[in-house]
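Since the structure comes first, as structure tokens, the remarks are kept for the end.
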Amino acid sequence: MSSLTARPLHQFELNTLSHVPDDYAWSALNDLPHGDDVVPVVDLASPDAVGHIGRACKEWGAFQVTGHGIPIHLLDRVEAQTRLLFSLPAARKLKAARGPGSLSGYGLANTSSFYSNIFWSEGFTIIGSPRDDARKLWPEDHDEYCCVMEEYNRLISDLSGRLLRAMMVSLGLREEDMDWAGLLREADPVLQLNYYPVCPEPDRAIGIAHHTDSSFITILHQSGGESGLQLVHREDTAGPARWVTVPPRRGALVVNVGDLCEIVFNGRIRSVMHRAIVNRAQTRVSVAFFCGPPPRFNVAPIEKLIGPGEPPAYRAMSWPEFLSLKRKLYNKTLEYLRSPEEEPVHHENTAYMTNQR
Ligand SMILES: C=C1C[C@]23C[C@H]1CC[C@H]2[C@@]12CCC[C@@](C)(C(=O)O1)[C@H]2[C@@H]3C(=O)O
Ligand SMILES: O=C(O)CCC(=O)C(=O)O
Ligand SMILES: [Fe+2]
């Protein structure tokens, strides 16, 4: 998170503004045409779920999942607690602000070195236990919040393991080729709560700008009503690369392929570029579970996939090294890892990173 106190005062009153202030205005939001394709919906309880997951990961790098076994009333409670958190007074939220060098807590996406303008959103990151930060937000009573987030973490971690195993099998690998259970047991669960106030000029602002997630996969719950999530469907016979909206579907969760899966599967599937747009009608929230590895994890293609006919398509490094590279290169990280001869460059002001107003 960048320095919150340095933010314009109206960061906490976006809901009340009648126009988009200059530092929140973005151009080039219509860089790609919009497609009306529909992101596949996979029923995890159906016998052909694995085949559907494989095809969705290859064509889209994303799908919606139903039949996942997470009770809808738990999703409702997670959403209610998320709304409650963001409705706290600014001073209360700032008590739980993400400190320097820390990933968890309240704040805005830390993209200040890439973009000159600000996202129309607030965020709250929970890493591991929700208890410590909850005490800062609700000194008196944070039991419902903690119980709900802990329960959600348990069920969603378990779901992520099931999905990753299904992805392996769909790519022709065996479940034993990767110890997902061991990895996920050692990793801290990461939940990202996102809040998007209504916006008077939605075409001029962005909730979260286009990016890929670093995780293996991300499992997203989005609130009902207005859509916000958009992802890029790459060029195919049906048309050029295009933005596709993923409308909320009650009870369904969105699964996004992240950078780590692209690397461990040696490029057989690609991480999906996505963003969150804003709207003028309804405040929107979303809850993302980032399924990542423990720090000791070596970010490299699975050995099983590598042989004389298939060299590793990505340079190997540790997970902490990957994350620091990502902070430097942002959306260019994977491209750099695919071309190991080049030195990583960090151009603070090249066109692909900044957004001219
Ligand atoms: C498993 C993950 C995914 C991480 C890194 C690591 C732990 C913290 C996650 C987030 C959560 C908040 C947004 C993000 C952009 C951030 O700054 O921290 C995410 C990041 C990524 O997707 O790159
Ligand atoms: O709110 C959304 O739909 C997307 C959020 C997202 O991409 C993220 O938190 O990484
Ligand atoms: Fe994301």
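None of these values were measured; they are calculated from a predicted model. Every number for a ligand or one of its atoms is a count from 1 in the order of the listing.
- Under 4.0 angstrom from ligand 1, there are no non-hydrogen atoms of Phe216.
- Leu75 and Gly251 get closest at one heavy-atom pair: CD1-O, 4.1 Å.
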Would you mind writing out a table of all protein N or O atoms found under 3.5 Å from any N or O atom of ligand 2, naming both atoms and giving the distance to 0.1 Å?
from, atom 1, to, atom 2, distance (Å)
ligand 2, 1 (O), Tyr196, OH, 2.6
ligand 2, 1 (O), Arg284, NH1, 3.3
ligand 2, 1 (O), Ser286, OG, 2.7
ligand 2, 3 (O), Arg284, NH2, 2.8
ligand 2, 7 (O), His211, NE2, 3.3
ligand 2, 7 (O), His274, NE2, 3.0
ligand 2, 9 (O), Asn194, ND2, 2.9
ligand 2, 10 (O), His211, NE2, 3.2
ligand 2, 10 (O), Asp213, OD1, 3.3

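- Here is the list of ligand 1 atoms found below 4.0 Å of a heavy atom in Trp319: 1 (C), 2 (C), 6 (C).
- If you number the atoms of ligand 1 from 1 as listed, the ones under 4.0 Å from a heavy atom of Ser214 come out as 21 (C), 22 (O), 23 (O).
- Nearest heavy atom pair, residue Ser160 against residue Leu184, reads OG-CD1, 3.7 Å.
- With respect to the salt-bridge test (charged N to carboxylate O, under 4.0 angstrom), the residues Arg242 and Glu235 do not qualify.
- Below 4.0 Å from some heavy atom of Asp213 lie the following atoms of ligand 1, by number and element: 22 (O).
- The set of protein atoms (N, O or S) found at less than 2.8 Å from the Fe ion (ligand 3) reads His211 NE2, Asp213 OD1, His274 NE2, by chain and number.
- Residues Trp120 and Tyr195 place their aromatic rings such that the two centres sit no closer than 6.0 Å.
- Using a 4.0 Å cut-off between charged nitrogen and carboxylate oxygen, Glu59 and Arg234 do not count as a salt-bridge pair.
- Ring orientation note: the planes of Trp138 and Tyr145 are tilted relative to one another, at an angle of 30° to 60°.
- No side-chain donor-acceptor contact under 3.5 Å links Asn15 to the backbone of Leu17.
- When heavy-atom distances to ligand 1 are checked against a 4.0 Å cut-off, Leu323 comes that close only through its side chain, counted from C-beta outward.
- Side-chain contact check for Arg315 and Tyr336: at least one donor-acceptor pair (N or O, by modelled atom type) lies under 3.5 Å.
- With salt bridges taken as basic N to acidic carboxylate O contacts below 4.0 Å, one links Glu262 and Arg338.
- Results of the side-chain contact (heavy atoms from CB on, under 4.5 Å) test with Leu253 over Ile70, Thr66, Leu44 single out Ile70 as the only residue that passes.
- Remark: Arg154 does not engage Glu150 in a salt bridge, criterion side-chain N to carboxylate O under 4.0 Å.
- Distances below 4.0 Å separate heavy atoms of Gln192 from the following atoms of ligand 1: 11 (C), 12 (C).
- Aromatic ring orientation, Phe86 versus Tyr106: tilted (interplanar angle from 30° to 60°).
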